[in-house]
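To start, the structure under review is shown below, and the notes come after it.
Computation of the quantities below employed the complete heavy-atom set of this structure, encompassing side-chain atoms and omitting hydrogens, waters and symmetry-equivalent molecules. Sequence lines set the chain letters: A, B, ... in the order given, protein chains first and strands last, and positions in each chain run from 1.
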There are 2 protein chains.
Amino acid sequence: MKKAEATRLTILQKSFELIYTKGYQTTSLDDILATTGMTKGAFYYHFKNKDEMGIAIIEELLKPTFETTFMRQLQGEGDAVKLLYDMMYTVLMKNDFMRVEYGCPAANLSQEMAPWHSEFTRVLNELSEAWKKAIVQCVKNGKKNGSIRADVKPEQVALFMMSGYWGIRNMGKLANSSSVYLVYLKQLKDYLATLQ
Amino acid sequence: MKKAEATRLTILQKSFELIYTKGYQTTSLDDILATTGMTKGAFYYHFKNKDEMGIAIIEELLKPTFETTFMRQLQGEGDAVKLLYDMMYTVLMKNDFMRVEYGCPAANLSQEMAPWHSEFTRVLNELSEAWKKAIVQCVKNGKKNGSIRADVKPEQVALFMMSGYWGIRNMGKLANSSSVYLVYLKQLKDYLATLQ
DNA sequence: AATAAAACATACCGACTAGTATGTTTTTAA
DNA sequence: TTAAAAACATACTAGTCGGTATGTTTTATT
């Protein structure tokens with residue numbers, strides 16, 4: 001039962017590439033089958049339908065990736081402002097999972113599916129909530145160890161950072177250059193300094 | 001030739017509503033015809049194809065709206081920080097053209113079309129560039145009249161504000177509540193204060 | 001090696017898509 | 001009023017979509 005899991009994973013990974021670069025709805029099953037070299041029989045053996053595969057991509061590819069690159073390094077115990085900035089720097093500048101011209105896959109999907117597909121929205125919301133929690137916890141730690149002012153509201157900081165992130169990913173897509181990321185990081189540093 | 005222009009406008013407006021709430025690709029011509037009560041003959045008399053209509057929506061509906069709500073009030077001569085904040089407040093809180101649960105139509109379209117339709121991307125970029133220019137000019141005015149520090153880089157401020165805007169629109173979509181807008185505005189105020 | 005189940009392949013279907021060809025009605029201008 | 005052009009209506013097409021029914025091959029177990 002190793003081979004089967006391998007083909008399943010292949011489908012997920014190749015589909016992710018296509019969906020990430022082209023969008024979910026414009027990626028047809030035939031597109032997926034063509035690039036994987038598989039047939040419909042194989043696909044529908046592993047997935048009930050296209051949407052189930054889409055959810056699987058989020059659950060099995062996006063979530064783990066976000067877990068490691070977006071959240072893990074926030075769990076350190078040092079200066080919270082530095083932790084937050086470094087996290088964002090890593091996410092934007094040292095992440096070969098995402099490419100500037102295609103934005104953030106999670107943001108792309110939520111933008112595309114939000115109004116008409118509640119299941120997608122739900123799992124993407126979980127992802128977003130997990131990131132928020134990690135940021136909130138980091139700010140709370142910062143307040144405890146004195147690296148962040150006592151009157152700072154963690155949820156507000158999280159929301160502000162996350163909205164900046166979604167936004168700058170979109171700007172990068174339009175500008176097709178990661179130079180906008182650097183500019184954003186500069187301003188973010190100024191903002192984070194106001195929390196100290 | 002008045003009637004014809006009226007039906008053309010009807011098509012544009014109703015199509016905009018559908019595309020704004022459902023997305024461009026998931027809005028079929030039949031959808032549009034059903035809600036407008038028109039037929040294909042009428043549609044294809046006024047537009048060469050679906051894409052041409054999509055571009056027309058941006059040019060003839062989005063651009064004028066953005067012109068008035070996003071840019072005009074930045075042209076005042078007072079405190080630049082206040083002008084910038086008030087603009088964003090108006091855009092997010094006093095705009096019946098957009099609804100929280102559907103985000104920003106321009107952002108939606110650019111997100112959906114960016115990777116695979118250059119014409120859409122081009123006109124949406126024009127829109128985005130016009131907003132950027134207005135913000136940059138406002139900051140420059142602020143530097144002249146002393147309401148903003150001399151070492152502040154206008155382009156960087158513009159980029160930071162715009163990315164925050166795209167982002168918070170997306171967050172609002174996920175949260176389905178304009179309360180996130182208020183939180184964002186609060187943090188934006190803090191950030192803008194660092195420019196003084 | 002035999003057998004059953006797992007894994008995959010092929011052919012097909014109905015629904016839907018944007019777009020067209022060809023009509024009919026309405027409006028405009030003389 | 002009438003002819004011509006503008007504005008709209010209807011019927012149809014070729015292609016694509018996700019999904020299914022039914023087949024064949026491969027793998028694991030005995």
Side-chain angles (χ1 to χ4, degrees), chain A residues 1-58 60 108-109 112-113 115-121 123, chain B residues 1-58 60 109 112-113 115-121:
Chain A
M1 295 194 199
K2 272 288 178 55
K3 178 89 182 307
E5 282 179 21
T7 69
R8 182 192 151 91
L9 194 62
T10 304
I11 294 176
L12 284 180
Q13 287 171 335
K14 297 266 187 187
S15 299
F16 166 76
E17 272 305 316
L18 288 171
I19 291 170
Y20 177 37
T21 55
K22 294 181 36 170
Y24 181 80
Q25 301 171 73
T26 42
T27 298
S28 70
L29 280 179
D30 288 342
D31 285 338
I32 294 170
L33 302 179
T35 58
T36 54
M38 315 223 165
T39 62
K40 289 211 168 172
F43 183 93
Y44 280 97
Y45 176 78
H46 291 284
F47 304 98
K48 213 183 90 206
N49 50 40
K50 189 189 174 188
D51 285 356
E52 192 192 79
M53 184 213 57
I55 303 288
I57 287 177
I58 301 171
E60 298 169 38
N108 292 356
L109 278 174
E112 186 180 355
M113 315 299 263
W116 61 281
H117 204 305
S118 58
E119 181 67 3
F120 272 83
T121 310
V123 294
Chain B
M1 295 194 199
K2 272 285 177 57
K3 177 91 183 304
E5 282 178 21
T7 67
R8 182 193 151 91
L9 194 62
T10 303
I11 293 175
L12 284 181
Q13 288 171 334
K14 298 266 186 187
S15 299
F16 166 77
E17 272 304 317
L18 287 171
I19 291 170
Y20 177 37
T21 54
K22 292 182 36 169
Y24 181 80
Q25 301 172 71
T26 43
T27 299
S28 70
L29 281 179
D30 288 342
D31 285 338
I32 294 170
L33 302 179
T35 58
T36 54
M38 315 222 163
T39 61
K40 291 213 166 171
F43 183 91
Y44 280 97
Y45 175 79
H46 290 284
F47 304 99
K48 213 182 90 205
N49 50 40
K50 189 188 174 187
D51 285 356
E52 193 191 80
M53 185 212 57
I55 302 289
I57 286 177
I58 301 172
E60 298 169 37
L109 278 175
E112 186 179 356
M113 315 300 263
W116 60 280
H117 203 303
S118 57
E119 181 68 3
F120 272 83
T121 310

From D:dA11, D:dG18, C:dT10, nucleotide with atom closest to A:T39 side chain: C:dT10
Heavy-atom donor-acceptor pair, A:K40 side-chain to D:dG19 base, under 3.5 Å: yes
A:H46 vs C:dC8: side-chain N/O to OP1/OP2 distance below 4.0 Å: yes
Proximity to the side chain of A:D30 - top-ranked nucleotide from C:dG19, D:dC17, C:dC8: D:dC17
Touch class at under 4.0 angstrom, heavy-atom based, for A:T26 against every strand present: nothing
Spacing between B:F43 atom CZ and C:dG19 atom P, to the nearest angstrom: 8 Å
Side chain proximity check, A:S15 to A:L12, heavy atoms < 4.5 angstrom: no
Euclidean distance, B:N49 CG relative to B:F43 CZ, rounded to 0.5 Å: 7.5 Å
side-chain N/O A:T7 vs C:dC8 OP1/OP2, d < 4.0 Å: yes
Euclidean distance, atom NZ of residue A:K48 to atom C1' of D:dT20 [Å, nearest integer]: 14 Å
Length of the NZ-C1' vector between B:K50 and D:dG15, whole Å: 16 Å
Name of the residue among B:Q25, B:E112, B:M53, B:K14 meeting side chain to side chain contact (heavy atoms under 4.5 Å, CB included) with B:I19: B:M53
Main-chain N/O of B:D51 paired to B:Y24 side chain as donor or acceptor, under 3.5 Å: yes
Whole angstrom value for the distance that separates P of D:dT16 from CD of A:Q25: 18 Å
Side chain of A:Y44 (C-beta onward), nearest among C:dG19, C:dC8, D:dT20: D:dT20
Nearest-Å distance for atom pair CG/P, residues A:D51 and D:dC17: 15 Å
Nucleotide C:dA18, atom C1' - distance to OH of B:Y24 in whole Å: 10 Å
Residue met sooner reading DNA chain D from 5', once A:S28 and A:G41 are mapped to nucleotides: A:S28
Side chain of A:L29 - closest among C:dC8, D:dC8, D:dG19: D:dG19
Approximate separation, where rounding is to 0.5 Å, of A:Y45 OH and A:T39 OG1: 13.0 Å
Euclidean distance, atom CD1 of residue A:I32 to atom C1' of D:dG18 [Å, nearest integer]: 11 Å
Minimum-distance nucleotide to B:A42 side chain [options: D:dG18, C:dA7, D:dC8]: D:dC8
Residue A:N49, side-chain atoms from C-beta onward, closest of C:dA9, D:dC8, D:dG19: D:dG19
Length of the line joining A:Y45:OH and D:dT20:P, which is rounded to integer Å: 17 Å
